[in-house]
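See below for the structure under consideration.
All chains are named by letter (A, B, ...) in the order of the sequence lines, taking the proteins before the strands, and each is independently numbered beginning at 1. Only heavy atoms go into these numbers, but all of them, side chains included; no hydrogens, no water, no symmetry mates. Computed from a prediction, not measured in an experiment: that's the story for all the values here.
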Protein chains: 2
Amino acid sequence: MTHAIEDISASLRRAREAKSISQRELSRLTGVPQGHISKIESGAVDIRVSSLIALARALDLEVTLVPRKAVPAVQSIARQSDAERSRPAARNLAEMQRTLENIPKIPASPGLAAFSGPRPAYTLDDENGDE
Amino acid sequence: MTHAIEDISASLRRAREAKSISQRELSRLTGVPQGHISKIESGAVDIRVSSLIALARALDLEVTLVPRKAVPAVQSIARQSDAERSRPAARNLAEMQRTLENIPKIPASPGLAAFSGPRPAYTLDDENGDE
DNA sequence: ATATTTGATATATTTTAACAGATCATTCTT
DNA sequence: AAGAATGATCTGTTAAAATATATCAAATAT
């Protein structure tokens, strides 16, 4: 990915869904209004590079210019690291973690009180970097 | 390359200079006004993706979104095919070809009249594809 | 069943890229 | 020395992205 302008919109949407975050969440992260993200993802607008970069970065993507003859090689590399993030185990874990965050309702039986903050420290997102 | 917005402008300029074509020539190829190309290359504007794609394609580049963790690998690949185009022999040949086009002044001695169009059919740009 | 979240859409306003077209100084070329 | 060609820069004008804000239907969650 990608050459045409629709490829880019599609990539953004797929990347966001792969991270399973909502458009509103991405909006918070980037400052781009949710409504606008919707339009962008549906390919309805010819976005500016700054917007593209902002969204891409929030999705752990980088905008690059690749020599055309190198594109196939680049794609196969990109595909590999895509695969890591989207292989079933990873996707399921990501969703499970999100789900678990919506369960804090367990009445905390006295004997387990010390266990107050059991949220997972072992996220799959070990690939973050800067920001 | 690239992440930031200036990297992109810089890449575009380098790519154009590597092909040793003028801004006006690139303008002809893309339809983007020369003055605007100048502004773009100096990083003075936040261009739209369609413009970026148009310029990139004319320079045999493709805009891609790559996973951040794959960036180093991608860069090293891109660098390789960069090197091919910019190794001395290639650069010099490109320039020599341009120079030769400015020599048609040879008074065409009668015996060689049939040689009317001696321009090189063997360009280095054997990597073109579509369009 | 009710409430929340989500993506899509709409309106109105501001901002700015992109355009056409021209000019200018500098660097080749002749 | 005269004449291109090149990159940078300016002036208007127009089209469209980007913003803020709000609403809506459908899917999720409580």
Side-chain angles (χ1 to χ4, degrees), chain A residues 5-6 8-59 63 92 94-107, chain B residues 5-6 8-59 63 92 94-107:
Chain A
I5 200 165
E6 326 109 13
I8 291 179
S9 346
S11 292
L12 290 177
R13 165 160 289 163
R14 276 189 286 100
R16 179 180 60 79
E17 290 177 343
K19 290 201 96 176
S20 52
I21 67 178
S22 68
Q23 290 181 347
R24 280 183 173 79
E25 206 163 339
L26 184 57
S27 172
R28 271 197 321 95
L29 292 173
T30 59
V32 178
Q34 176 269 323
H36 200 227
I37 292 180
S38 172
K39 284 208 299 188
I40 289 172
E41 287 189 351
S42 55
V45 284
D46 183 8
I47 61 178
R48 301 198 181 151
V49 169
S50 63
S51 303
L52 175 58
I53 292 177
L55 292 174
R57 294 192 73 109
L59 297 170
V63 180
N92 291 346
E95 276 168 23
M96 286 168 71
Q97 287 176 338
R98 289 193 69 238
T99 301
L100 287 180
E101 283 174 5
N102 292 354
I103 317 250
K105 297 300 174 51
I106 300 169
Chain B
I5 198 164
E6 325 110 14
I8 290 179
S9 345
S11 292
L12 289 178
R13 165 161 289 166
R14 277 189 288 98
R16 180 180 60 79
E17 290 176 343
K19 288 202 98 177
S20 51
I21 66 178
S22 69
Q23 289 182 347
R24 279 184 173 82
E25 207 162 340
L26 184 57
S27 172
R28 272 196 322 96
L29 292 173
T30 58
V32 177
Q34 177 270 322
H36 200 227
I37 292 180
S38 173
K39 285 208 298 187
I40 290 173
E41 286 188 352
S42 56
V45 283
D46 184 6
I47 61 178
R48 304 202 179 146
V49 169
S50 62
S51 304
L52 176 58
I53 291 178
L55 292 173
R57 293 191 73 108
L59 297 169
V63 181
N92 291 345
E95 278 168 20
M96 286 168 71
Q97 288 177 338
R98 289 194 67 238
T99 301
L100 287 181
E101 283 174 4
N102 292 354
I103 318 249
K105 297 301 173 54
I106 300 171

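Remark: side-chain polar atoms of B:Ser27 are not paired, donor with acceptor, to backbone N or O of B:Gln23 under 3.5 angstrom. The backbone N or O of A:Glu17 sits nowhere less than 3.5 Å from a side-chain atom of A:Ser20 that would complete a donor-acceptor pair.
Distance, B:Glu41 CD to D:dT9 C1': 15 Å, rounded to whole Å. Protein atom CD of B:Gln23 is 5 Å distant from nucleotide atom P of D:dA8, rounded to whole Å. Nucleotide D:dA17 holds its C1' atom 14 Å from the CD1 atom of A:Ile37, rounded to whole Å. Residue A:Lys39 contributes atom NZ, which lies 11 Å from atom P of C:dT9 at whole-angstrom precision. Between the CD atom of A:Glu17 and the P atom of D:dA27 there is a distance of 15 Å, rounded to whole Å.
Applying the 4.0 Å criterion to OP1 and OP2 of D:dA5, one finds that B:Ser22 has every side-chain N and O outside that range. Side-chain nitrogen and oxygen atoms of B:Arg24 include none within less than 4.0 Å of the OP1 or OP2 phosphate oxygen of D:dA8. Distances shown here put every side-chain N or O of B:Ser38 at or beyond 4.0 Å from the OP1 or OP2 atom of D:dG7.
Against DNA chain C, the stretch residues 42-52 of chain B makes heavy-atom approaches under 4.0 Å through B:Val45, B:Asp46, B:Ile47, B:Arg48, B:Ser51.
Looking at which nucleotide of DNA chain D each of B:His36 and A:Ile40 is closest to, the 5′-most match is held by B:His36. Of the residues near DNA chain D, A:Gly31 and A:Gly35, the one whose nearest nucleotide (by heavy atom distance) lies more toward the 5' end is A:Gly31.
A donor-acceptor contact under 3.5 Å is formed by the side chain of A:Gln34 with the base of C:dA8.
Taking the side chain as every heavy atom from C-beta outward, A:Ser38 and A:Gln34 approach each other to under 4.5 Å. Residues A:Val32 and A:Leu26 are not in side-chain contact: their nearest non-hydrogen atoms beyond the backbone lie 4.5 Å or more apart.
Scored by the salt bridge (Lys or Arg N to Asp or Glu O under 4.0 Å) test, A:Arg48 finds no partners at all (sequence neighbours excluded).
For the residue pair A:Thr30 and A:Ala54, the shortest heavy atom distance occurs at CG2-O, 3.7 Å.
Each of A:Leu12, A:Ile8, A:Asp46 was compared with A:Ile40 under the side-chain contact (heavy atoms from CB on, under 4.5 Å) criterion, and only A:Leu12 meets it.
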